[in-house]
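Here is the structure we will look at, set down as structure tokens.
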Number of protein chains: 6
Amino acid sequence: MTYRMEEMTWPEFAEKKDRVVILPVGAVEQHALHLPICTDAVIAEQFALRLAEKIDGVVMPPLSYGYKSKPLSGGGPLFPGTIDLNGETVIRLVYDVLMELVRDGFTKIFIMNAHFENEAFLVEAMDLVNRDTKGAVFLVESNWWDPLPEEVIEKVFDQVPFPGWAFEHAAVTETSLMLYFAPWLCHLERMAEAPPAEALPYFRYPLKKGDVPETGALASAYSSSSEKGEQIVEAVIPELVKICQREMPGE
Amino acid sequence: MTYRMEEMTWPEFAEKKDRVVILPVGAVEQHALHLPICTDAVIAEQFALRLAEKIDGVVMPPLSYGYKSKPLSGGGPLFPGTIDLNGETVIRLVYDVLMELVRDGFTKIFIMNAHFENEAFLVEAMDLVNRDTKGAVFLVESNWWDPLPEEVIEKVFDQVPFPGWAFEHAAVTETSLMLYFAPWLCHLERMAEAPPAEALPYFRYPLKKGDVPETGALASAYSSSSEKGEQIVEAVIPELVKICQREMPGE
Amino acid sequence: MTYRMEEMTWPEFAEKKDRVVILPVGAVEQHALHLPICTDAVIAEQFALRLAEKIDGVVMPPLSYGYKSKPLSGGGPLFPGTIDLNGETVIRLVYDVLMELVRDGFTKIFIMNAHFENEAFLVEAMDLVNRDTKGAVFLVESNWWDPLPEEVIEKVFDQVPFPGWAFEHAAVTETSLMLYFAPWLCHLERMAEAPPAEALPYFRYPLKKGDVPETGALASAYSSSSEKGEQIVEAVIPELVKICQREMPGE
Amino acid sequence: MTYRMEEMTWPEFAEKKDRVVILPVGAVEQHALHLPICTDAVIAEQFALRLAEKIDGVVMPPLSYGYKSKPLSGGGPLFPGTIDLNGETVIRLVYDVLMELVRDGFTKIFIMNAHFENEAFLVEAMDLVNRDTKGAVFLVESNWWDPLPEEVIEKVFDQVPFPGWAFEHAAVTETSLMLYFAPWLCHLERMAEAPPAEALPYFRYPLKKGDVPETGALASAYSSSSEKGEQIVEAVIPELVKICQREMPGE
Amino acid sequence: MTYRMEEMTWPEFAEKKDRVVILPVGAVEQHALHLPICTDAVIAEQFALRLAEKIDGVVMPPLSYGYKSKPLSGGGPLFPGTIDLNGETVIRLVYDVLMELVRDGFTKIFIMNAHFENEAFLVEAMDLVNRDTKGAVFLVESNWWDPLPEEVIEKVFDQVPFPGWAFEHAAVTETSLMLYFAPWLCHLERMAEAPPAEALPYFRYPLKKGDVPETGALASAYSSSSEKGEQIVEAVIPELVKICQREMPGE
Amino acid sequence: MTYRMEEMTWPEFAEKKDRVVILPVGAVEQHALHLPICTDAVIAEQFALRLAEKIDGVVMPPLSYGYKSKPLSGGGPLFPGTIDLNGETVIRLVYDVLMELVRDGFTKIFIMNAHFENEAFLVEAMDLVNRDTKGAVFLVESNWWDPLPEEVIEKVFDQVPFPGWAFEHAAVTETSLMLYFAPWLCHLERMAEAPPAEALPYFRYPLKKGDVPETGALASAYSSSSEKGEQIVEAVIPELVKICQREMPGE
């Protein structure tokens with residue numbers, strides 16, 4: 001039995017109409033020297049699958065490509081391997097997928113996001129779908145880190161200080177999650193020391209080479225471990241379940 | 001002498017080509033029972049004018065209408081008086097204005113934002129302008145609260161706890177700023193007690209009546225004062241000047 | 001008491017749902033050596049306020065930025081200070097604002113235009129709103145000069161000949177209106193003699209430097225006065241009131 | 001020998017690269033009881049052909065479908081047979097055609113318009129082409145009536161008063177031109193008396209049945225004749241030739 | 001009596017509301033040395049007129065300009081005289097025309113296509129209209145060659161081999177049809193020997209000069225005749241009638 | 001070592017700049033009772049990976065979602081599980097991805113398509129990229145079936161007749177490929193007898209329930225086998241390699 005819509009035949013999917021559909025959204029984005037480019041997509045899909053397991057949901061094929069990666073939150077178009085969609089493209093892509101799910105009869109949709117920069121455009125698409133369906137569909141969007149309890153953050157950052165979510169790019173949480181989800185794609189031996197990145201509290205163009213350290217990391221990944229990844233997952237999944245119970249009728 | 005582009009004749013504006021142009025961006029959004037709908041536009045323009053004074057800049061006519069107001073950060077389309085532009089509209093509007101400034105020969109542009117939800121769409125427009133001008137223009141976007149020093153936050157929240165910026169909607173900082181900038185538009189006597197708003201750490205549709213307390217406020221404005229407004233302004237303006245000096249050649 | 005929506009709190013605006021909402025539309029456009037760049041926006045808003053006073057209406061924040069200024073009617077992108085929006089941007093901007101007013105429950109909307117080139121795009125937006133609301137909303141658009149009675153034109157042009165509305169850019173009527181509405185923004189001492197502009201009865205690109213006289217004026221402003229401004233206003237407002245009475249049910 | 005691009009083979013067209021290309025633009029629009037729906041397209045193309053003959057130009061296939069027909073200028077969507085394109089569609093259509101001509105090496109393009117409502121959108125497309133080709137192409141747009149000398153208007157309106165161009169819809173000039181260009185498509189016997197249409201000096205939605213007299217005519221076509229059509233043509237063509245000589249290098 | 005909508009007055013068109021409306025779609029595209037640029041438009045319209053005659057239908061003004069001509073199917077932007085619309089432009093153009101017909105009360109629409117590359121974009125427009133009208137309109141799109149019986153193909157290709165429809169560009173079928181429909185536009189004496197064009201079973205950019213033989217023909221037109229054109233028409237029209245009978249209620 | 005871009009770190013990807021990048025494009029589409037919804041995406045990616053292996057290329061994350069599935073070629077929106085993007089969305093999505101690859105320095109891009117309906121929109125995106133990069137990038141798009149040699153088709157269809165590619169949806173070739181690529185996702189035991197689907201040689205809306213047999217299959221999958229899948233792959237890959245050698249400089 002599978003929770004992945006893509007592995008189902010259409011009648012298997014059709015039977016799930018009253019269930020929550022989960023759409024994972026990632027990005028194609030540099031993740032320093034030790035993590036793969038697909039990091040956000042893998043994380044989004046893995047959270048989605050574990051959530052689906054708990055609530056008998058269905059996981060859609062992830063949107064692998066996402067909105068532009070910004071230096072402030074760790075990526076930036078200056079690195080090869082960061083493939084950025086324009087804002088209008090993300091809005092239309094997500095809008096089309098959501099509307100098709102609605103036409104197929106689904107009314108409970110959960111967008112599982114793992115790339116911060118996506119959020120405003122995901123929510124814009126949701127807003128347009130809400131308007132065009134006159135509020136008939138239950139739509140939730142959450143980043144995986146938003147429901148993470150404070151005490152878990154403290155446990156995970158037992159050796160390096162928590163740099164804030166904006167700088168948690170290819171750092172302790174993402175590295176730990178990848179070590180837990182897909183260790184064969186991690187190269188801890190290549191992990192570079194991340195000099196403390198300068199936090200610009202504003203946006204500025206043109207971007208400069210030095211906006212992101214040359215490794216692509218914004219904070220140290222030192223002390224990452226599969227166990228910490230598991231801790232995060234174990235803490236987040238119950239919160240995501242609660243969100244579904246609170247917001248999706250019948251869950 | 002004026003810093004407002006709108007009050008200049010065209011030759012006066014033409015003489016400013018080597019100066020920083022500041023574009024204030026606000027929103028038409030409910031601001032509880034005691035603040036006017038134009039709050040964000042007034043605040044954006046007032047910060048812009050004070051910055052212009054320090055750096056001999058020029059202030060463009062504000063973009064009064066902004067992106068959708070979200071319940072999470074205090075507004076919401078459920079209140080009459082919140083006039084929301086779609087994301088694509090904001091992107092195109094800002095793109096057009098920036099490109100025209102570039103065509104007029106200006107190369108240093110500062111976007112002064114006072115409505116959180118605008119930011120992703122402002123930055124998308126900047127990104128497109130940066131791409132289409134091949135990086136020839138210096139573009140900065142800042143919210144007024146981002147450069148506010150920690151110690152000022154503490155001073156301002158001497159009587160009520162700081163609820164986080166997302167909830168600072170029609171609350172202590174905005175009310176204090178409006179008391180300082182435009183006291184005749186404030187109605188402290190109508191100020192309602194703000195029950196602690198529930199912070200949803202995710203986005204959800206359809207919106208519900210209870211998402212925002214019925215007054216429209218997300219946090220208490222109690223203890224607001226013109227003096228606190230002045231304190232914020234006095235602390236922020238030097239930071240904005242520093243940003244200009246750091247990012248705009250020749251400033 | 002105010003007629004400006006921006007100065008109201010949301011409950012004050014909400015009470016006006018059965019009233020006529022007036023949306024002033026201007027332009028950011030060169031206005032010769034003696035008038036400010038905001039001339040069209042000021043004029044649009046001032047007519048709107050005076051109309052609101054007569055019919056207990058509400059005036060929205062003006063759309064300060066408008067469609068491209070054309071040489072034929074007096075502006076042109078060749079002057080710094082003329083900030084032109086693309087046609088699609090104007091259509092989307094106006095569409096969004098109108099639809100939001102409709103969602104807020106307003107059904108009587110008056111667009112007060114002061115920049116000729118805006119008109120086709122304003123009407124396109126109205127047409128789309130009319131289609132998407134299935135005709136449920138009463139929409140009127142008028143330029144301020146359209147309802148001006150012939151005899152007032154004659155009185156106003158007692159010393160210089162009326163050059164036609166297309167050439168009335170920074171000329172007698174606009175200068176007189178600005179002297180009446182905002183004399184502190186007028187610089188009569190800088191008023192240049194306007195050589196008779198050549199009227200091309202067709203559109204042509206590329207534009208040439210000589211398409212508009214180098215001052216930016218298309219016709220003489222000589223003989224302008226605040227009194228003439230007042231005369232125009234006194235003649236136009238009753239006509240605008242009549243339009244509302246004729247087209248808006250219950251007015 | 002032909003002046004119609006559509007009747008040429010591609011090498012014949014390729015030889016014309018240094019000549020003026022003329023793009024006729026019409027509309028699919030009701031034209032009262034006695035004129036065919038294609039009236040504007042026929043008139044645009046016939047003027048284009050006669051101009052081409054004088055200047056050895058090339059006439060493109062006409063854009064038969066045009067922008068929305070407005071009651072103010074005589075059409076309106078209330079009549080079956082009026083097929084209106086949206087503004088954005090017209091802009092894109094004209095933009096694409098012009099850019100392709102530029103890519104084919106043509107640098108002198110004349111847009112011959114016969115439907116008033118098209119103009120703002122045609123000029124927007126020209127403006128965008130001018131911007132994207134950096135002013136390398138000579139573009140002119142003219143309505144057929146704009147260069148018509150005053151004295152010919154007087155001769156043509158020897159029996160009925162000239163109602164203004166806005167009301168000259170299916171009236172004396174269009175009927176006379178059609179009698180001259182394509183008499184087999186005219187049905188003078190069905191010509192209805194046109195009650196004087198009420199001229200609204202503003203735009204208003206929703207449209208009402210009575211906005212246009214039920215025949216679809218806005219002014220009397222009485223006294224129309226093929227001879228008058230010929231007179232108009234003979235007066236306009238030399239003016240169009242002069243425009244080409246003035247604006248198109250080498251003509 | 002006419003079947004062309006453009007030659008009708010509006011009341012004549014209004015009477016046809018319960019009939020099938022046929023929209024011919026062509027292209028402005030090089031057609032080798034011996035056929036005119038309008039070949040596809042002429043063929044589309046002529047098939048449409050003959051179909052209209054059989055089913056008492058109405059023929060709309062043809063969409064003369066179509067989607068990009070591709071080397072694979074015989075055209076290509078490398079030849080002057082090929083004027084290509086972008087995909088989005090075609091979708092919007094066709095969408096607008098279809099929606100206006102629906103608003104005029106027509107419910108049976110047949111798109112008669114003569115330019116292969118148009119098809120995907122025509123069908124996209126139909127799909128959007130179907131969605132927005134909730135399936136209330138009967139829409140058919142057919143190329144003229146699709147319903148051609150196998151035995152007629154054999155008869156027509158009695159002297160040269162059938163190269164496949166993709167290569168039938170300015171070749172035997174199009175030349176024969178043009179000899180039948182509009183012999184005065186054909187120049188058989190200029191007909192060039194077409195070297196066998198190389199069929200790329202994939203799409204590739206940039207295009208190369210040699211992608212299409214320098215004449216513009218992809219296959220031999222040798223053995224074309226007006227009689228063969230007539231044969232094709234006589235075979236196709238009854239098939240088109242059958243399609244209408246099968247798909248359009250009441251036909 | 002991996003050929004998947006998503007599994008690489010950014011420096012590994014950056015080293016591949018002179019190699020061919022392969023973008024697999026699939027669809028989320030019903031594939032009868034025995035194949036999973038992701039069939040097209042899996043097939044596209046698997047062909048891409050095998051091609052990459054031969055030419056030392058890089059495989060991008062697949063575009064899992066594609067253009068609308070049409071009844072004529074086997075899918076249709078009438079089945080849950082078919083998630084269709086609009087045409088404009090596909091064009092923008094592919095355009096953005098290609099342009100980002102170009103910005104990253106890649107100049108040889110191969111689009112590997114496995115969903116017929118995508119093709120026109122993929123090629124439109126390529127055309128726009130070619131135009132905007134002035135032909136500086138080598139772009140190829142191929143369906144997997146286009147280069148399949150005739151003799152392999154004959155071998156594969158040794159027991160059931162070849163129904164034509166349009167009907168090869170969830171039939172012998174796709175089933176054999178999936179048995180070869182991902183047997184664990186195939187359910188041969190659920191394979192239904194496919195009644196001969198009626199081939200409409202035209203497009204028609206609204207779609208009808210009977211347009212596609214209720215299983216979702218258009219032709220029999222009987223006689224499918226992993227061996228046949230392998231045969232197809234072995235025959236196609238060398239052809240794809242040849243295309244790269246012919247079209248991509250340095251391959």
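Chain identifiers are assigned alphabetically (A, B, ...) following the order of the sequence lines, protein sequences preceding nucleic acid strands; residue numbering begins at 1 within each chain. This is a predicted model, so every value here is computed, not measured.
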Can you check whether E:Asp18's main-chain N or O pairs, donor with acceptor, with E:Lys108's side chain at less than 3.5 Å?
-> yes
Using non-hydrogen atoms and a 4.5 Å limit, figure out which bit of [X] sits close to chain E: side chain, backbone, both or neither.
| X | value |
| --- | --- |
| D:Ala32 | backbone |
| D:Val97 | both |
| D:Thr39 | neither |
| D:Leu101 | both |
| D:Lys16 | neither |
| D:Glu15 | neither |
| D:Pro61 | both |
| D:Ile83 | both |

Among D:Leu23, D:Val59, D:Val58, which one satisfies side-chain contact (heavy atoms from CB on, under 4.5 Å) with D:Met5?
->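 With D:Met5 as partner, side-chain contact (heavy atoms from CB on, under 4.5 Å) holds for just one option, D:Val58.
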Using a cut-off of under 4.5 Å for heavy-atom pairs, which of [options] has the most such pairs with chain D?
| options | result |
| --- | --- |
| E:Met99, E:Arg4, E:Lys17, E:Glu12 | E:Glu12 |
| E:Arg103, E:Met60, E:His187 | E:Met60 |
| E:Met8, E:Glu88, E:His31, E:His34 | E:Met8 |

Quick one: which of D:Val90, D:Thr2, D:Val28, D:Leu33 has the most heavy-atom pairs under 4.5 Å with chain E, could you say?
-> D:Leu33
Residue selection (most heavy-atom pairs with chain E, distance under 4.5 Å) from D:Pro80, D:Ala182, D:Ala14 | D:Pro80
Which region of E:Leu85, side chain (C-beta onward) or backbone (N, CA, C, O), has a non-hydrogen atom less than 4.5 Å from a non-hydrogen atom of chain D, or is it both or neither?
-> both
Would you indicate whether the side-chain heavy atoms of D:Met126 and D:Val94 approach each other to under 4.5 Å?
->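 Not in contact.
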Close side-chain approach of E:Leu179 and E:Leu188, heavy atoms under 4.5 Å =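 Sidechains of E:Leu188 and E:Leu179: in contact.
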What is the distance from atom CD1 of D:Ile111 to atom CG of D:Leu122, rounded to the nearest 0.5 Å?
->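 These two atoms lie 5.5 Å from each other.
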Is there a donor in the side chain of D:Asp132 and an acceptor in the side chain of D:Tyr95, or the other way round, less than 3.5 Å apart?
-> yes
Can you tell me if E:Ser69 and E:Glu29 form a side-chain donor-acceptor pair at under 3.5 Å?
-> yes
Pair D:Phe181 and D:Phe47, ring centroids less than 6.0 Å apart =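 Centroid separation for D:Phe181 and D:Phe47: below 6.0 Å.
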Is the gap between the ring centers of D:Phe106 and D:Phe13 under 6.0 Å?
-> yes
